[in-house]
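Heads up, the thing below is written out as structure tokens.
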Amino acid sequence: MLFELELRAATEKAMQELYDITVSPDDIAINETRKDFEGDLTVVVFNLAKLTRQSPDALGKNVGDWLQEHCGEVLSYNVVKGFLNVVVKTEAWQNVYSEASLDKTLGRVSINANVSKHPVLVEYSSPNTNKPLHLGHVRNNFLGYAIAEILNATGNPVRKVNLINDRGIHICKSMLAWMKNGNGETPESTGIKGDHLVGKYYVEFDKLYKAEIVQLMESGIAEDVAKKTAPSIIEAQDLLLKWESHDAATVQLWETMNSWVYKGFDATYKMMGVSFDKFYYESETYLLGKGIVLEGLEKSVFYKKEDGSVWIDLTEEGLDQKLLIRADGTSVYITQDLGTAKMRYEETKFTKLIYVVGNEQEYHFKVLRAIMKRLGYDWWNELQHLSYAMVDLPSGKMKSREGTVVDADDLMQEMIDDAKKITQELGKIDDFESEEANALYHMIGMGALKYFILKIDPEKRMMFNPADSIDFNGNTGPFIQYTYARIRSVIRKGVQYKNLTGYESFNTVTYKSINRKEKDLMKIILDYPFQLGDAAEKLSPAIIANYVYELAKAFNQFYHENAIVDESQTDTSMFRMHLSNQCARIIKMAFALLGIQVPERM
RNA sequence: GAUUCCGUAGCUCAGCUGGAUAGAGCAUCUGCCUUCUAAGCAGACGGUCAGGCGUUCGAAUCGCCUCGGGAUCACCA
């Protein structure tokens, strides 16, 4: 909040001079003044009053007098039931507004001036190559992309990385089913997108496997035994062993099927509008942890059991004993992660490594941090887990093996189709060429989907009901895109018909008759850098999303009560054009951070 | 069982480092397009902030307990 720090400091000084009492700045509570009272900022004086043994009202009055006398920015004040409401001079708002609008980034650099040259790594997406992406991945991808953009906007160099899980039993299952029933099918021969084709065989494998289990159980075998001894799972495990021993035919099929999947993922990522600076593949990193294990044993951080398995005891940290190397010498998932983290640090000297991963892996990342700390890497604390909750369907959890998923490609296509339908019904862009129109449908459909997902706090589980389509009215992406398009339209008309050029360099300080809605809008505009800083600190794109909504709403209120283009009042028009333009700039910039584009017309 | 996250209007969500009368959107109902884009604006309706106890001048917000939901506690990844 603008002027918060100044007011805090001034209040502290007032207490010192008036009462000779030293208060810590943390003890001074400052809020935005509620709409129903006069004022901009409010000092809550109850705890200060206690120190002076005065009534809150009397103290409020004394401090208010002092502020009015000593602070150039303070116009007046009023005290209501222990709340000191301070009115900041309009001139002061205008000065800051004028300065901020000259800044191309609207104040972003000032937030974080002394950042390191070393990058922040954001790892997200991290798909398995045995099935197409679904709604859960959509949340991951949107979040990861947005958080990388937000960190970048606050001055951090960012690298987006993707660790693809391309090896393991899951891909062997798809391979096996394809070998048995594939008849040489390819994406080209079937016209099916590569990731979907491979996913189809994964589901087939699972059906067969389940049927075998049922059969075994009917012949009197216990469930857990049946699960381990079903012929198809044995075959899949054999296939994995063959892969690990570099069997040529197996490796070739693995490469072929993975290449189908990558082609499919590329298309999906492109549709999503997300990108990566670097891809890592688990088939290349899964052996990296061995060095860490040796190091841990040497430092006696790890210990070896009689069977040869390697462990760490984390009970002091409130965690458990954790396995790092199996008795047969193979490594487990966390061992790979330890090795990968170390390699990345050596490569990049990252200032932070942010893992965008679902909250079911919170324990895993606690363990990861704890082990790195024990091993003495002082950057252990820079490993951060951006944890997000699952997406719920009304029917319960999504299970890709059972086919109860919302497929990412289908969902995006539906959103774009809905956008097309609604746009055509409104009939505002009938003059668009088809290519231009399709780009707009894509923009709106994806905007609706991204905003729908990103406006929700990552920590909270979100409910998605495929039966109710995502809204295009109210607190939605299209509402905000629409506000942008409307501003652009008004500005175009102002320039075209009323010759209001040069509004961008209009000296806004000279405009004296600011009204209530203009000021409200100005205050929200000036809050942008603070919101951005908050979003970066909390790793929460939802803060940006909710802020832009407030901004768009404030603009719409202003728009309805004030004529922007008015030939008789050039100054007023110029000021309002300037204000509208600033508003549009922020909407565009902030939405870009969320990966959402805005149209000139819709 | 242990750890952890969550529970706010019929539905989807803000607000949570303690502050004034708890906010939006959707849904339902009512107004506003021969002035700049009505995907908009204005209004009505809708709340025991899961429940209880405590701390405090003050609790949706902090602490404890209970209830309800999720996740995790694997020689899976």
Side-chain angles (χ1 to χ4, degrees), chain A residues 26 29-31 33-37 42 44-47 49-50 56 80-83 85 126 128 165 167-170 282 286 307 309-311 318-320 322-328 330-334 336-337 358-364 366-367 387 389-390 392 396-397 419 422-423 425-426 428-429 444 448 452 455-457 459-465 468 470-483 485-494 497-498 542-543 545-546 549-550 552-553 555-566 573 576-577 580 601-602:
Chain A
D26 296 340
I30 299 194
N31 302 321
T33 304
R34 285 181 68 106
K35 281 260 187 283
D36 347 317
F37 298 93
T42 295
V44 184
V45 296
F46 293 101
N47 45 355
K50 213 187 277 179
V80 182
K81 292 192 292 184
F83 295 90
N85 302 318
S126 309
N128 291 349
N165 186 1
R167 65 166 280 280
I169 192 78
H170 51 82
E282 251 191 56
Y286 81 110
D307 64 4
S309 58
V310 177
W311 295 74
L319 305 165
D320 298 298
K322 187 79 195 170
L323 176 95
L324 294 156
I325 291 284
R326 299 188 186 100
D328 65 8
T330 56
S331 59
V332 294
Y333 187 59
I334 194 150
Q336 303 171 34
D337 256 10
N359 63 4
E360 73 273 15
Q361 294 204 33
E362 270 168 14
Y363 183 80
H364 171 82
K366 272 187 197 166
V367 172
S387 160
M390 298 292 103
D392 286 324
K397 220 186 144 177
I422 292 170
T423 305
E425 277 168 9
L426 290 168
K428 291 180 187 177
I429 58 149
I444 296 172
F452 177 81
K455 76 171 177 180
I456 297 169
D457 186 324
E459 276 190 12
K460 299 215 172 157
R461 299 173 62 190
M462 61 175 285
M463 173 64 88
F464 177 78
N465 188 348
D468 315 344
I470 292 177
D471 259 303
F472 287 70
N473 298 320
N475 186 359
T476 67
F479 164 81
I480 294 162
Q481 289 172 318
Y482 177 74
T483 304
R486 179 151 69 178
I487 294 172
R488 298 296 302 151
S489 170
V490 172
I491 288 177
R492 276 195 302 272
K493 292 219 163 130
Y497 300 120
K498 309 292 176 185
I543 291 171
N546 288 306
Y549 175 62
E550 292 302 322
K553 236 180 11 164
F555 175 82
N556 284 328
Q557 290 173 9
F558 154 78
Y559 167 87
H560 270 270
E561 290 186 21
N562 300 284
I564 294 167
V565 177
D566 176 357
S573 285
R576 289 179 183 166
M577 292 268 282
S580 303
R601 284 180 56 192
M602 69 186 272

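Chain letters run A, B, ... following the sequence lines, proteins first, then strands; residues in each count from 1. Since this is a predicted model, take the numbers as computed values, not measurements.
Y333(A) places its OH atom 15 Å from the P atom of C76(B), with the value rounded to the nearest Å. For N31(A) and U61(B), the CG to C1' distance is 13 Å, given to the nearest whole Å. Taking atom CE on M390(A) and atom C1' on G69(B), their separation rounds to 15 Å, with Å as the unit. Taking atom CG of N556(A) as the reference point, atom P of C36(B) lies 15 Å away to the nearest angstrom. M602(A) places its CE atom 14 Å from the P atom of U37(B), with the value rounded to the nearest Å. Summarising the geometry, the separation between CG on D337(A) and C1' on A77(B) is reported as 10 Å, rounded to the nearest angstrom. Going from atom CZ of R167(A) over to atom C1' of C76(B) covers 11 Å, rounded to whole Å. For the pair D392(A) CG and C5(B) P, the interatomic distance rounds to 18 Å; values are reported in whole Å.
Taking atom P on both nucleotides, G68(B) is separated from A50(B) by 16 Å, rounded to a whole Å. Nucleotides U66(B) and G1(B) place their P atoms 10 Å apart, quoted to the nearest Å. Using C1' as the reference atom, A44(B) and A9(B) are 15 Å apart when rounded to the nearest Å. Rounded to whole Å, the C1' atom of A38(B) lies 31 Å from the corresponding atom of G47(B). Nucleotides U61(B) and G15(B) have their P atoms positioned 15 Å apart, rounded to a whole Å. To the nearest whole angstrom, the two P atoms, one in C76(B) and one in G63(B), are 38 Å apart. Separating the P atom of U12(B) from that of A27(B) is a span of 15 Å, rounded to the nearest Å. Across the P atoms, G18(B) and C57(B) are found 16 Å apart, a figure rounded to whole Å.
Using a 4.0 Å heavy-atom criterion, one finds that D457(A) contacts the sugar-phosphate atoms exclusively. Within the 4.0 angstrom heavy-atom criterion, base atoms lie near I444(A). When heavy atoms are screened at a 4.0 angstrom cut-off, Y497(A) is found touching no nucleic acid atom at all. S387(A) comes within 4.0 angstrom of nothing in the nucleic acid, heavy atoms only. If you check every strand for non-hydrogen atoms under 4.0 Å, E282(A) touches sugar and phosphate atoms only. Among the heavy atoms of the strands lying under 4.0 Å from Q361(A) is at least one base atom, whether or not backbone atoms are also near. As judged by a 4.0 angstrom heavy-atom cut-off over every strand, Y363(A) is placed among residues touching the sugar-phosphate backbone only. Within the 4.0 angstrom heavy-atom criterion, no nucleotide atom of any strand lies near T476(A). Residue I422(A) is in base contact, counting any heavy-atom pair closer than 4.0 Å across all strands shown. Using a 4.0 Å heavy-atom distance criterion, I456(A) is classed as a sugar-phosphate-only contact. Contact annotation for N85(A): base contact, defined as any heavy-atom pair under 4.0 Å involving a base atom. Looking at heavy-atom distances under 4.0 Å, F83(A) makes contact with a base. Counting non-hydrogen atoms under 4.0 angstrom, R601(A) reaches a base of the nucleic acid.
Donor-acceptor pairing under 3.5 Å, judged by distance alone, is absent between the side chain of N359(A) and the base of C6(B). Scanning atom types as modelled, no donor and acceptor separated by under 3.5 angstrom connect the side chain of T483(A) and the base of A39(B).
N85(A) and R34(A) form no side-chain donor-acceptor contact under 3.5 Å, judged by distance and modelled atom types alone. A donor-acceptor pair shorter than 3.5 Å can be found between the side chains of D320(A) and Y363(A).
Using a 90° window around 0 for the glycosidic torsion, C73(B) falls outside it and is classed as anti.
Residue K455(A) is the one, among H170(A) and K455(A), whose nearest nucleotide of RNA chain B lies closer to the 5' end (criterion: closest heavy atom). Between N475(A) and N165(A), the residue anchored closer to the 5' end of RNA chain B is N475(A), taking for each the nucleotide with the nearest heavy atom.
Look at Q336(A) and you won't find any side-chain N or O under 4.0 angstrom from OP1 or OP2 of A77(B). Distances shorter than 4.0 Å separate none of the side-chain N or O atoms of N47(A) from OP1 or OP2 on C57(B). An OP1 or OP2 oxygen of A38(B) is reached within less than 4.0 angstrom by a side-chain nitrogen or oxygen of R486(A). Distances shown here put every side-chain N or O of R34(A) at or beyond 4.0 Å from the OP1 or OP2 atom of G19(B). In terms of phosphate contacts, Y559(A) brings a side-chain nitrogen or oxygen within less than 4.0 Å of OP1 or OP2 of A38(B). Dashed line: the shortest gap from a side-chain N or O of K428(A) to OP1 or OP2 of A38(B) is not under 4.0 Å. Within the 4.0 Å cut-off from OP1 or OP2 of A14(B), at least one side-chain nitrogen or oxygen of K460(A) is found. Applying the 4.0 Å criterion to OP1 and OP2 of C76(B), one finds that R326(A) has a side-chain N or O inside that range.
The closest side-chain heavy-atom distance from M390(A) to R461(A) is not below 4.5 Å.
When ring centroids are compared, F479(A) and Y549(A) come within the 6.0 Å threshold.
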Can you give me the dot-bracket string for RNA chain B, 5' to 3', counting Watson-Crick and G-U wobble pairs with both distances under 3.5 Å, using [ ] for crossing pairs and | for partners on another strand?
(((((((..((((.....[...)))).(((((.......))))).....(((((..]....))))))))))))....
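Under the stacking criterion of a centre-to-centre distance below 5.5 angstrom and an interplanar angle below 30°, F46(A) sits stacked against the six-membered ring of G19(B).
In this structure a side-chain-to-backbone donor-acceptor pair under 3.5 Å is present from S573(A) to D566(A).
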